[in-house]
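Remember, predicted model here, so these are calculated numbers, not experimental data.
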Amino acid sequence: MNIKKKIRSSAWGLFLIHSYHAICCKISRLFFSDYFAVIRYYRKVSGKQPNLASPTTFSEKLQWLKLNAKNPLKAQCADKYNVREYVSSCGYASLLNELYGVWDSVNDINIEKLPEQFVLKGAHGSGFNLIVKNKQDVNWFAWKWIMRTWLWQDIYWSGREWVYKDLPKRIIAEKYLEDSYGELRDYKFFCFNGKPTFMQLEVGRNTKQNTRNFYDLEWNLLPFGKELPHNPDIQVEKPAKFDEMIKIATDLSSPFDFVRVDLYQVYDRVFFGELTFFPAGGAPDFVPSEYDSIVGKMLELQ
């Protein structure tokens, strides 16, 4: 295990990482404009200068959207608590996972009153998650400090994902979900101008077999991956609720130029996951790289 993985696998290592990001956020807000920060971020992740004047690739168009398409509804839907109101308004309240609590202070979280299994999330960001399968096994002293660092930061700072900038900083607790595969497969629908076009499925997360395969809406495997290469040797059965998921993704994505709609199927029921407007911060990470241009043609900028 390399040093970065060792740090990330340690509770106190995560505390240091999140503290560092909180400090960087405050510095970045003081010294870098949104335009400069977007260019700086893109160069850092790709080594290339983005064409923001006339974007053509998917990653360039997402950077353009960061600067030019600030629909307030996106900010509401980026919030993992406030998005529940939007999902309900679309007629899909039945998709929402059971909510155990919402807190703006870690001191208010009473672990004893929570069930043995649950999930804690920072409602105002991405990657602020703690999956609790047995609360007796968690170092709560360390994790409460980690959660405090969640509340110290805006994750928009590096790549200017503005949807997170002014969100209320809160932690939510939801019911622990597990599907028939003994995990929680995440069906991520890429929706362009209100139309689901393809779907990402990650298989074998945290294992050596980890891959991200993409499927069209007829459940045909597509010849690309994202950050990870696709793996045609991994055969996945089409979920029974796939057509229902397509309908849900269509309805939830209708107001947006681009959004990724994340859904779960737990046995015979579909659950809502989240809405994501800048996957991976809009990094050009399709594999092979030419799919950044191919996918870019699917998104029409207004």
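- Criterion: ILVMFWY side-chain heavy atoms under 4.5 Å apart, direct or through other members. Under it, Leu275 and Val119 are not part of a common hydrophobic cluster.
- Here CZ of Phe242 is found 5.5 Å from CH2 of Trp219. Values are rounded to the nearest 0.5 Å.
- Taking CG of Leu263 as the start and OH of Tyr187 as the end, the distance is 10.5 Å to the nearest 0.5 Å.
- Separating the SG atom in Cys77 from the CG atom in Asn71 is a distance of 8.5 Å, to the nearest 0.5 Å.
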*Determine, step by step, whether Asn134 and Glu116 satisfy the side-chain contact (heavy atoms from CB on, under 4.5 Å) criterion, reporting the C-alpha distance in whole Å, the side-chain angles of both residues, the deciding distance to 0.1 Å, and the verdict.*
CA-CA 5 Å; Asn134 184 342; Glu116 287 303 306; 3.5 Å; yes
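- Salt bridge Glu174/Arg84: present, at least one basic N to carboxylate O contact under 4.0 Å.
- Remark: the backbone N or O of Glu300 is paired with a side-chain donor or acceptor of Asn193 at under 3.5 angstrom.
- By the 4.5 Å heavy-atom criterion applied to side chains, His124 and Tyr164 are not counted as neighbours.
- Trp143 and Trp150 have perpendicular rings, their planes meeting at more than 60° on a 0 to 90° scale where under 30° would count as parallel.
- Looking only at distances, a side-chain donor or acceptor of Gln235 sits under 3.5 Å from a matching main-chain atom of Pro232.
- Two rings, from Phe198 and Phe224, have their centers less than 6.0 Å apart.
- With hydrogens and angles disregarded, a donor-acceptor distance shorter than 3.5 Å links the side chain of Asn68 to the backbone of Trp64.
- Ring geometry, Trp145 versus Phe141: the interplanar angle exceeds 60°, so the pair is classed perpendicular (tilted spans 30 to 60°).
- The cluster map of Ile, Leu, Val, Met, Phe, Trp and Tyr, joined by side-chain heavy atoms under 4.5 Å apart, puts Val106 and Tyr100 in the same cluster.
- Residue-environment remark: CD1 (Ile131) stays at or below the threshold of 12 foreign heavy atoms within 6.0 Å.
- Between Leu73 atom CG and Ser89 atom OG the span is 8.0 Å, to the nearest 0.5 Å.
- A distance below 6.0 Å separates the ring centres of Phe256 and Phe277.
- A salt bridge links Lys188 and Asp262; the closest N-O separation between the charged side-chain nitrogens and carboxylate oxygens is under 4.0 Å.
- Judged purely by atom type and a 3.5 angstrom limit, Thr197 uses its side chain to pair as donor or acceptor with the backbone of Lys195.
- The hydrophobic clustering, which links ILVMFWY residues whose side-chain heavy atoms are closer than 4.5 Å, places Phe278 and Val38 apart.
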*For Phe192 and Val295, run side-chain contact (heavy atoms from CB on, under 4.5 Å): C-alpha distance rounded to whole Å, both residues' side-chain angles, the deciding distance at 0.1 Å, then the answer.*
CA-CA 10 Å; Phe192 302 87; Val295 174; 3.7 Å; yes
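- Side-chain atoms of Asp79 do not come within 3.5 Å of backbone N or O of Val83 as any donor-acceptor pair.
- With hydrogens and angles disregarded, no donor-acceptor distance shorter than 3.5 Å links the side chain of Glu60 to the backbone of Pro50.
- Under the 4.5 Å side-chain heavy-atom criterion for Ile, Leu, Val, Met, Phe, Trp and Tyr, Met298 and Leu221 are members of the same hydrophobic cluster.
- Under a 4.0 Å N-O distance rule, the pair Asp186/Arg260 does not qualify as a salt bridge.
- In summary, of the residues considered (Thr250, Asp243, Asp251), a side-chain hydrogen bond (donor to acceptor under 3.5 Å, both in side chains) with Lys247 occurs for Asp251 alone.
- To the nearest 0.5 Å, atoms CG (Leu177) and CG (Asp179) are separated by 9.0 Å.
- Ile294 is connected to Met199 through a chain of hydrophobic side-chain contacts under 4.5 Å among Ile, Leu, Val, Met, Phe, Trp and Tyr, so both are in one cluster.
- Ion pairing between Asp257 and Lys61 fails under the 4.0 Å rule for side-chain N and carboxylate O.
- Of the possible polar contacts, one joining the Tyr86 side chain to the Leu252 backbone as a donor-acceptor pair under 3.5 Å is found.
- Here the CG atom belonging to Asp285 is positioned 6.0 Å from the CD atom belonging to Glu227, to the nearest 0.5 angstrom.
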*Residue pair His230, Leu222: steps toward the side-chain contact (heavy atoms from CB on, under 4.5 Å) verdict*: CA-CA 8 Å; His230 82 293; Leu222 297 172; over 6 Å; no
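- Formation of a donor-acceptor pair under 3.5 Å by the Gln76 side chain with backbone atoms of Pro72 is not found in this model.
- The closest donor-acceptor contact from the side chain of Thr211 to the backbone of Pro229 lies under 3.5 Å.
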_Under the criterion side-chain hydrogen bond (donor to acceptor under 3.5 Å, both in side chains), I'd like the reasoning laid out for Arg43 against Gln49: C-alpha separation, chi angles, the key distance, then a yes or no._
CA-CA 6 Å; Arg43 283 177 178 167; Gln49 177 85 5; 2.6 Å; yes
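- Sorted by first then second residue, the salt bridge (charged side-chain N to carboxylate O under 4.0 Å, His left out) pairs that include residues 90-112, not counting sequence neighbours, number zero.
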*Worked verdict on Leu96 versus Phe271 for side-chain contact (heavy atoms from CB on, under 4.5 Å)*: CA-CA 6 Å; Leu96 297 173; Phe271 282 88; over 6 Å; no
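- In this structure a side-chain-to-backbone donor-acceptor pair under 3.5 Å is present from Lys135 to Ile111.
- Here the two rings, on Phe58 and Phe258, have centers that are under 6.0 Å apart.
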